[in-house]
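Sequence lines set the chain letters: A, B, ... in the order given, protein chains first and strands last, and positions in each chain run from 1. Small disclaimer: the values here were computed from a predicted structure and weren't measured.
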Amino acid sequence: MTLTALLLLAGGALLWLQFGSAHQFAGAVLHPPQPAPNITLTDETSQPFALDSQHGQWILLTYGYTSCPDVCPLTLDHLRQVKELLGAQAANVRVVFVSVDPKRDTPQVLNGYVKHFGSDFKGLTGSADAIAQAAKAYDVRYELKAKESGDGYTVSHTAFVYLIDPAFQKRITYPFGVEPAEIASDLKYLMTSETPAQ
Amino acid sequence: MNKLFWGMGLLALAILINCGGSGTPNGIAISNAWVRPTLTADGTTAAYMLIKNYTAQDDELLSASSNVAARIELHETMQMNGMLSMESRRTLAVPAHGQLALSPGGAHMMLLGVKQELKPGDQVPLLLYFEHAPTIAVSAQVMDEAQ
């Protein structure tokens, strides 16, 4: 009787260790991780920038546009907070913002915009074709919409945040609005539980 | 002497009534008004606030104006199949004994053609126009996120 009880207890403890303390991720996790598509665009300093140049860093990639008054500042402010929450570990995290409005988002415009959220945030733009390819690589959909007032346009777009690891693999896709604390928690977990890429 | 005494008493009562004391607010009340900084030369940004309707009558926010912006539009961020878009709204409902929350990711005011750079710490004067309630003047603080 005592042995059975002990075995049950031990079994329960092992199950708890396996599943009970498992980290709950705040986004859609890719099982197994997939190689991240490389995209090459023009950055906010008007220089060519290839995403895989950040191999070795954790990358938080998102798409939007600078004339977006609500969604994009919220996403970028959240990513700013993620870095703040990571403290010293933030040095290994790079935020990359790709414009889906290259007509208005020149490198200079992007520079003023992304640097407000982080001095090391990258803003990428390019030709309409280059942006279309970069969007397709990450299944980003976007559509220009003429404003009802007839003056200008807005851009409807998907607003996911893609987490790419130091081995340049896609790991997690976060939907719009995930709290910074949750993303930071996921990153801390991955950073401490995984060996750095060689 | 009696008249003076009564006069002062009435004055004191009138002052007390007008100060409102700790009584229930009435009409429309605006709180936590804030505006995002302008980050681009085209001067587009968003304003947010909480609008509470303490009356028994449904009301509508019709429009807003500010001397810092060429124009203010009402919008609502909507999500469909993962796509986020801003839908223009002619008016926004402020239900009786209810509220209208203008907040990030939801309904908001879009400020267009902002002529000066708005930096955190600046104040933006706004005028809010309602269907029933009188026009309300609000001072919104420029900041990066809601406090």
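Panel note: side chain A/Arg141, backbone B/Asn81; a donor-acceptor pair is recorded below 3.5 Å.
For A/Lys115, no part lies near chain B; criterion is any non-hydrogen pair under 4.5 Å. Residue A/Gln81 touches chain B through its side chain alone, counting heavy-atom pairs closer than 4.5 Å. Contacts of B/Leu111 with chain A are absent, with no heavy-atom separation under 4.5 Å from either backbone or side chain.
Near-neighbour residues of residues 58-73 of chain B relative to chain A, defined by a heavy atom under 4.5 Å from a heavy atom of that chain, comprise B/Arg71, B/Glu73. Residues of residues 61-75 of chain A placed with any heavy atom under 4.5 Å of a heavy atom in chain B are listed by number as A/Thr66, A/Ser67, A/Pro69, A/Asp70, A/Val71, A/Pro73, A/Leu74.
Linking Ile, Leu, Val, Met, Phe, Trp and Tyr whenever their side-chain heavy atoms come within less than 4.5 Å leaves A/Met191 and A/Ile164 in two separate clusters. Both A/Val98 and A/Ile59 belong to a single network of hydrophobic side chains, linked directly or stepwise wherever heavy atoms of I, L, V, M, F, W or Y lie under 4.5 Å apart. Taking hydrophobic clusters as Ile, Leu, Val, Met, Phe, Trp and Tyr residues chained together by side-chain heavy-atom distances below 4.5 Å, A/Phe160 does not share a cluster with A/Ile183. Neither B/Tyr129 nor B/Leu102 shares a network with the other; the hydrophobic side chains, linked directly or stepwise wherever heavy atoms of I, L, V, M, F, W or Y lie under 4.5 Å apart, form separate groups for each. Each of A/Leu30 and A/Ile172 belongs to its own hydrophobic cluster when Ile, Leu, Val, Met, Phe, Trp and Tyr are linked at side-chain heavy-atom distances under 4.5 angstrom.
Residues B/Glu145 and A/Arg80 have side chains in contact (heavy-atom distance under 4.5 Å, counting atoms from C-beta outward). Here the side chains of A/Lys147 and B/Ser88 are not in contact, with every heavy-atom distance at 4.5 Å or above.
Note that OH of A/Tyr113 is 8.0 Å distant from OG1 of B/Thr40, once rounded to the nearest 0.5 Å. Expressed to the nearest 0.5 Å, how far CE of B/Met83 lies from NE2 of A/His157 amounts to 9.0 Å. Expressed to the nearest 0.5 Å, how far CG of A/Leu76 lies from CG of B/Leu39 amounts to 9.5 Å.
The choice from A/Leu110, A/Thr158, A/Asp105, A/Thr154 that makes the most heavy-atom pairs within less than 4.5 Å of chain B is A/Thr158. For the set A/Val114, A/Val109, A/Asp77, the count of heavy-atom pairs under 4.5 angstrom toward chain B peaks at A/Asp77.
No more than 12 heavy atoms of other residues, nucleotides or ligands lie within 6.0 Å of NZ in A/Lys136, so this atom counts as exposed by the packing criterion.
Nearest heavy-atom pair across B/Gln79 and A/Phe176 is NE2-CD2, 4.2 Å.
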